[in-house]
Structure formats: structure tokens, C-alpha cells
Number of protein chains: 2
Amino acid sequence: MESKIFQEFLSRRGLKLTKERMSVLRQIFSIHGHFDPEHLYLSIRDSDMKASRASVYRTLNLLVESGLVERITRSDKGNVYEHTYGHRHHDHMICTACGEVIEFFSEHLEDLQKMICEQHQFAGTTHTLEIRGNCKACQKRKK
Amino acid sequence: MESKIFQEFLSRRGLKLTKERMSVLRQIFSIHGHFDPEHLYLSIRDSDMKASRASVYRTLNLLVESGLVERITRSDKGNVYEHTYGHRHHDHMICTACGEVIEFFSEHLEDLQKMICEQHQFAGTTHTLEIRGNCKACQKRKK
DNA sequence: TTAGGTGCAAATCCTTTGCAGCTCC
DNA sequence: GGAGCTGCAAAGGATTTGCACCTAA
């Protein structure tokens, strides 16, 4: 399914669906969580597929443009992505102690943001809400 | 006031309040909005104060740790900061066309986040909400 | 006095690019 | 056939660091 969407996205722009791009796409959609370019590259390299680091980066940018993948954070160590297709939009809580990422979604939160955008006559297209703090486990550990 | 707070922060860590650090601090608090390291460095250089690029970066990191300054975004072109002292917490809308940054605050939004944290038994300490899209002016321009 | 700071230039790190040969449509 | 790809290695750009010389406390 994802590949069909990507396919369409590419041909709309006169681009080609190559083996390498397929490898990147497949690998991403076989990962269930978040990933960074380097790990993605390594996991492709360790599989039976192939794609150079350059292609991984290039494809990742295309996937973000196509809307199939989202860049969720830019940290010191580079960008973190996740695939979007088949996922409802959601936000993240990030534990600063153990790095755990908790996903959550709130309809109410979405509505509120829409209202705020209207008030400011801002045409919002995407948003990122990141709540940092400590997860349940780390709170206990600190006591 | 800020300098007193910074002073205390530094001595608590056995660090010194140097001319260069003061220059960075002063310059930041004379800017009312957002800034990036390079512009900060240039504006210091053009004033009667001084500090090398290295000191600007080093001081910026200290200021973030002290809580006087916040890193609000990491973009392709580097980080963007703003000073926090004397500012109420707020979030940002960022125009992807012209780069304009609009600040907003919603008590309701804050409360909602608190509730969500409680639901997940997550101890939130800070958050960043970034809404991307187009500002009023850019919406017109596109028509 | 002396731990800590400074500027400079070199080093890092992630990401992008130029190029020559390859391949999808 | 040819526009668009690929991998490689080199280039980029923001930020950090090693070092020899300063300076706040």
C-alpha cells in the first residue's frame, strides 16, 4: 500500500521507483517505531536489500515530502523519523532520563490548536508537540 | 537581574563571570526576540563588546543550562534561541515560507497537557509545541 | 596563585553534492 | 534512448575541541 502511494508520488514528479528506493521504503515500514538515518542505513545493509547512505538520505527526503514519513525531532545526534502511513497523527512524550518515547493523541488538543491558528490567522499544516520529563519507571528509579 | 542569576549559577558550579560571558548575556537580553548563534556573534562583534564565536557557543550552552535561555528550534540552518527570563512561557507558530515566528500562549493548552501527562503517569517538566504552516502575509502572497 | 577561560584553527558530525557510470520507463 | 539514479568521496555548515596563552577570584 505504502509503495503504491510512493509510486504515485514519484511518477507525479517524473521520478522513478528504483530498487534502492524500495529498499528504504520497505525497511522503514518494517520498523514499528522511530528511527534515524544511520540505523536505517545499517539495517538495510544487514538485510538482503541494498542502498548507500546517500540514497538513504535522498529517499528519506522524498518520503517526507510525500507525507509517508515524518521528521519528528532534530536532536544533537541528528534527525529522528517515523512513518506516518497507517498511523493516526499523534504527539510524543520523551523521557529525558531513559530516552523512552511515549506516543499520545488528544482530539481535544488538536481542536484547540485549530482554534489558536484561526485566532492568529495562521494556516497551520503540521505541528509537533514534544513533552519532556520523566516516565513512570524513571520517576520510581529516582526515589 | 539576569546577570545576578547567571552569576549565581556560575559560582555554584565554580565557574567565572568573565567579560566575554557578560557580553553574550547583555547582547542576548538587549534583543527582544529570537536569535541564532551567528547573528548573536556578529552583533556582539559590531558593538563595543567582544567574544569569539567559540565563546558565544560555549556561553550559550551555559545559559541554556542555567535556564535563562531556551533553545526553541533546531532548523536546517542551526539552532534558534530566545531568552526566557521575564518572559512567560509560550509556544510558536513558524511560517515555512518566510520563516516568521509568531508567539502564542494558551492557558487551556497548558492545562490540557497537564491532564494528558497525568493520564500517562508522566512527569512533564517542559514542552515545545511548534505549529508549522503559513502566516497571513504568505497566504496572500500565494494567491 | 591557579583553576578556569579565551581565541584560533582544526576537528566533528550529520547531511548534501559533484561526478562518472548505470538503469528504469 | 535518455532522463533520472546510484555509490563514492569530497564538500558543507553548524558546533565543538585541543592548545598555548590569559585572567577572575
Handout entry: Joint cluster assignment, Met115(A) & Leu112(B), ILVMFWY side-chain distance < 4.5 Å
Key =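 No, Met115(A) and Leu112(B) fall in different hydrophobic clusters.
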Problem - Sugar-phosphate only, base, or nothing, as touched by Asp36(B) at under 4.0 Å among non-hydrogen atoms - result: nothing
Completion exercise
Shortest non-hydrogen pair, Pro37(A) vs Tyr81(A), comes out as CG-CE1, 3.7 Å
Exercise for the section: Give me the other members of the hydrophobic cluster that Val80(A) sits in, counting Ile, Leu, Val, Met, Phe, Trp and Tyr linked by side-chain heavy atoms under 4.5 Å, directly or via other members. Expected result: Ile72(A)
Practice task
Output the rest of the hydrophobic cluster of Ile94(B): all Ile, Leu, Val, Met, Phe, Trp and Tyr residues reachable through side-chain heavy-atom contacts under 4.5 Å, sorted by chain and number.
Solution key: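 So far as hydrophobic clustering goes, Ile94(B) is joined with Val101(B).
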Handout entry: side chain to side chain donor-acceptor pair (under 3.5 Å) partners of Lys50(A), counting only residues at least two apart
Key =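 Partners of Lys50(A) by the side chain to side chain donor-acceptor pair (under 3.5 Å) criterion, ordered by chain and then number, come out as Glu20(A).
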Problem - Under the side chain to side chain donor-acceptor pair (under 3.5 Å) test, residues paired with Arg53(A) that sit two or more places apart - result: Glu38(A)
Side chain [X], main chain [Y], donor-acceptor under 3.5 Å:
{"X": "Ser23(B)", "Y": "Lys19(B)", "answer": "yes"}
{"X": "Thr59(A)", "Y": "Val56(A)", "answer": "no"}
{"X": "Arg71(A)", "Y": "Val64(A)", "answer": "no"}
{"X": "Ser52(A)", "Y": "Ser55(A)", "answer": "yes"}

Handout entry: For DNA chain C, the residues among residues 1-30 of chain A that have a non-hydrogen atom under 4.0 Å from it
Key =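 Under 4.0 Å from DNA chain C: Lys16(A), Leu17(A), Lys19(A).
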Exercise for the section: Determine, step by step, whether Glu70(A) and His34(A) satisfy the side chain to side chain donor-acceptor pair (under 3.5 Å) criterion, reporting the C-alpha distance in whole Å, the side-chain angles of both residues, the deciding distance to 0.1 Å, and the verdict. Expected result: CA-CA 10 Å; Glu70(A) 213 171 292; His34(A) 311 99; over 6 Å; no
Practice task
Give the ring-plane orientation class for His92(A) versus His90(A), where under 30° counts as parallel, over 60° as perpendicular and anything between as tilted.
Solution key: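 Correct class here is perpendicular.
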Practice task
Name the first nucleotide and the last nucleotide along DNA chain D (5' to 3') that come under 4.0 Å of a heavy atom in chain B.
Solution key: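 Extent of the interface on DNA chain D: dA14(D) to dA25(D).
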Practice task
Using a cut-off of strictly less than 4.0 Å between a heavy atom of the residue and any atom of DNA chain D, enumerate the qualifying residues of residues 53-60 of chain A by number.
Solution key: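 When residues 53-60 of chain A is checked for heavy atoms under 4.0 Å from DNA chain D, the hits, listed by number, are Ala54(A), Ser55(A), Arg58(A).
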Problem - Nucleotide interval of DNA chain C bounded by contacts with chain B (heavy-atom cut-off, under 4.0 Å) - result: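 So the contact region on DNA chain C extends dA3(C) to dC8(C).
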Handout entry: ring-ring contact (aromatic ring centres under 6.0 Å, His included) partners of His39(B), counting only residues at least two apart
Key =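 ring-ring contact (aromatic ring centres under 6.0 Å, His included) list for His39(B), sorted by chain: empty.
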Practice task
Kindly write out the residues that satisfy salt bridge (Lys or Arg N to Asp or Glu O under 4.0 Å) with Arg13(A), not counting sequence neighbours, or none if the list is empty.
Solution key: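 Salt bridge (Lys or Arg N to Asp or Glu O under 4.0 Å) list for Arg13(A), sorted by chain: Glu65(A).
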Problem - side-chain hydrogen bond (donor to acceptor under 3.5 Å, both in side chains) partners of residues 118-132 of chain B, not counting sequence neighbours, each pair once - result: Thr126(A)-Arg132(B), Thr128(A)-Arg132(B), Arg132(A)-Thr126(B), Arg132(A)-Thr128(B), Thr73(B)-Glu130(B), His89(B)-His127(B), Asp91(B)-His127(B), Gln113(B)-His127(B), Glu130(B)-Arg132(B)
Practice task
To the nearest 10°, let me know how far the axis at one end of the helix from dT1(C)-dA25(D) to dC25(C)-dG1(D) is tilted from the axis at the other, five pairs an end.
Solution key: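 Inter-axis angle at the ends, rounded: 40°.
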